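Working notes, beginning with the structure itself.
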Amino acid sequence: MNQHYVTLLENKLRASANPAEAAAMAAYMRDLFPFLGIKKPERAALTRDFLTEHGLPETEEELLQVVRTLWALPEREFHYTAIVLLEKRMKKAKPERAPLLEQLIVTYSWWDTVDLLAGKLAGSLFELYPELRGEYVPRWTESDDLWLRRSVLLFQLHYKERTDAQLLFALIRRFAGEEDFFIRKAIGWALREYSKTDAQAVRNFVAAEKLSPLSVREALKWLDAHPSNND
């Protein structure tokens, strides 16, 4: 069933391929991946139509296998669609999803998939099963893989008042000396999002810590644009 499901979905997307758009989309992503040339609104509509007709795979196990098969296809739209399918069954996700998310983060890695996998899927899974943090947060923190380190900074991105600020600040201190653009950007992004929940805590942290100019600029961007929230 899984292969038939993927074949139907693959054929539906390939039928809407646009080579001219594909070249432009690939260039935007530094030609790291081939594209079918389907822009997000059209891809969303195609996926919605497909799910209306065929539904999601019946079980979590089948869903994860479908996602693995989609991720093995070269064109980037299949990876985006795999993420959408995982989101559709997020509330019923099982802890066994965690190893797959880790695998996806380190496979065909770039910010366009990693940030969704970390900020939405891993973040939601770690809220559903807090015990997973005890395994994955330390491992991702110490990983040699850039994208896992970025992911551990971003998994609380949408937690708002549920953010473990002590953990967030500890992770940022751990990575503050890294020179990689994606780590420095993630530090600023995580702080910027948390500043919408606790403005003073972020201002105090930024003032006290030695962060890169990029991280500081990103961290304070929302606060500087909304000075009334600085009280």
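Along the sequence shown, the residues carry numbers beginning at 1. A quick note: this is a predicted structure, and the numbers were derived from the prediction, not measured.
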Inset, instruction - Could you walk me through whether Leu121 and Leu116 pass the side-chain contact (heavy atoms from CB on, under 4.5 Å) test, one step at a time? - result: CA-CA 7 Å; Leu121 296 177; Leu116 292 170; over 6 Å; no
Inset, instruction - Output, in order, the C-alpha distance, side-chain angles, deciding distance and verdict of side-chain contact (heavy atoms from CB on, under 4.5 Å) for Leu125 and Met90. - result: CA-CA 8 Å; Leu125 193 67; Met90 191 63 246; 4.0 Å; yes
Inset, instruction - Measure across Val114 and Ser151 and return the closest heavy-atom pair with its distance rounded to 0.1 Å. - result: CG1-OG, 3.5 Å
Legend entry - Val84-Val66 co-clustered via ILVMFWY side chain contacts under 4.5 Å: no
Legend entry - Cluster overlap Leu73 with Leu32, hydrophobic side-chain contacts below 4.5 Å: yes
Inset, instruction - Start with the C-alpha distance between Arg76 and Thr113, add both sets of side-chain angles, then the distance that settles side chain to side chain donor-acceptor pair (under 3.5 Å), and finish with yes or no. - result: CA-CA 9 Å; Arg76 200 58 162 169; Thr113 54; 3.0 Å; yes
Legend entry - From Ile38 atom CD1 to Leu13 atom CG, the distance as rounded to the nearest 0.5 Å: 5.0 Å
Legend entry - Reported CZ-to-OG1 distance for the pair Phe169 and Thr163, which is rounded to 0.5 angstrom: 9.0 Å
Inset, instruction - May I ask you to check whether Trp71 and Tyr80 place their ring centers less than 6.0 Å from one another? - result: no
Legend entry - Polar side chain donor-acceptor pair, Ser212 to Arg217, under 3.5 angstrom: no
Inset, instruction - Specify the closest pair of heavy atoms between Pro57 and Leu63, including all atoms of both residues, with the distance to one decimal. - result: CB-N, 3.7 Å
Inset, instruction - Verify whether one side chain among Thr81 and Glu77 offers a donor that lies under 3.5 Å from an acceptor in the other. - result: no
Inset, instruction - Indicate the atoms forming the closest heavy-atom contact of Tyr194 with Ala201, along with that distance. - result: CE2-CB, 4.4 Å
Inset, instruction - Please report the closest heavy-atom contact between Phe33 and Ser109, naming both atoms and the distance. - result: CZ-O, 4.0 Å
Legend entry - Neighbour count >12 (heavy atoms, 6.0 Å) for atom CD, Glu61: no
Legend entry - Pair Tyr159, Asp164: side-chain N/O donor-acceptor within cut-off below 3.5 Å: no
Inset, instruction - Could you tell me which non-hydrogen atom of Leu51 sits nearest to which non-hydrogen atom of Leu85, and how far apart they are? - result: CD2-CD2, 3.8 Å
Inset, instruction - Just say parallel, tilted or perpendicular for the rings of Tyr108 and His79, cut-offs at 30° and 60°. - result: parallel
Inset, instruction - Give a yes or no on whether a salt bridge exists between Asp224 and Arg203, defined as a side-chain N under 4.0 angstrom from a carboxylate O. - result: yes
Legend entry - Point-to-point distance, once rounded to the nearest 0.5 Å, from CG of Leu132 to CD of Glu96: 9.0 Å
Legend entry - Salt bridge present between Glu127 and Arg162 (N-O < 4.0 angstrom): yes
Legend entry - Aromatic centroids of Tyr5 and Phe50 separated by under 6.0 Å: yes
Inset, instruction - Apply side-chain contact (heavy atoms from CB on, under 4.5 Å) to Gln3 and Gln65, showing your working. - result: CA-CA 9 Å; Gln3 185 56 55; Gln65 186 55 52; over 6 Å; no
Inset, instruction - Look at atom CD of Glu161 and say whether more than 12 heavy atoms of other residues, nucleotides or ligands are closer to it than 6.0 Å. - result: yes
Legend entry - Rounded distance [0.5 Å steps], CG in Leu191 versus CG in Leu168: 6.0 Å
Inset, instruction - Could you pull out the closest heavy-atom pair between Leu56 and Arg89, with the gap in Å? - result: CB-NH2, 3.7 Å
Inset, instruction - Indicate yes or no: does Arg149 engage Glu178 in a salt bridge with an N to O separation below 4.0 Å. - result: yes
Inset, instruction - Show your working on side-chain contact (heavy atoms from CB on, under 4.5 Å) between Lys120 and Glu87 and close with a plain yes or no. - result: CA-CA 8 Å; Lys120 287 192 173 182; Glu87 285 183 302; 2.9 Å; yes
Legend entry - Cationic N near anionic O, under 4.0 Å, Arg184 to Glu179: no
Inset, instruction - Using a strict 4.0 Å threshold on nitrogen-to-oxygen distance, state whether Asp115 and Arg150 make a salt bridge. - result: yes
Legend entry - Exceeds 12 heavy-atom contacts within 6.0 angstrom, atom NZ of Lys94: no
Inset, instruction - Give a yes or no on whether Lys12 atom NZ has more than 12 heavy-atom contacts from other residues, nucleotides or ligands under 6.0 Å away. - result: yes
Legend entry - Leu154: hydrophobic cluster co-members (side-chain, 4.5 Å): Leu157, Trp189
Legend entry - Qualifying residues under ring pair (Phe, Tyr, Trp, His ring centres under 6.0 Å), relative to Trp110, sequence neighbours excluded: Trp147, Phe182
Legend entry - Backbone of Trp140 reached by a side-chain donor or acceptor of Ser143 within 3.5 Å: no
Inset, instruction - Check whether the side chains of Trp222 and Glu193 place a donor and an acceptor atom closer than 3.5 Å, and report yes or no. - result: no
Legend entry - Separation between CZ of Arg68 and OG1 of Thr107, rounded to the nearest 0.5 Å: 11.0 Å
Inset, instruction - Would you mind checking if Lys39 and Glu42 are paired as a salt bridge, meaning a charged N to carboxylate O distance below 4.0 Å? - result: no
Legend entry - Main-chain N/O of Leu86 paired with Arg97 side-chain donor or acceptor, under 3.5 Å: yes
Legend entry - Interatomic spacing from CD1 in Ile187 to CD in Glu209 - rounded to 0.5 Å: 10.5 Å
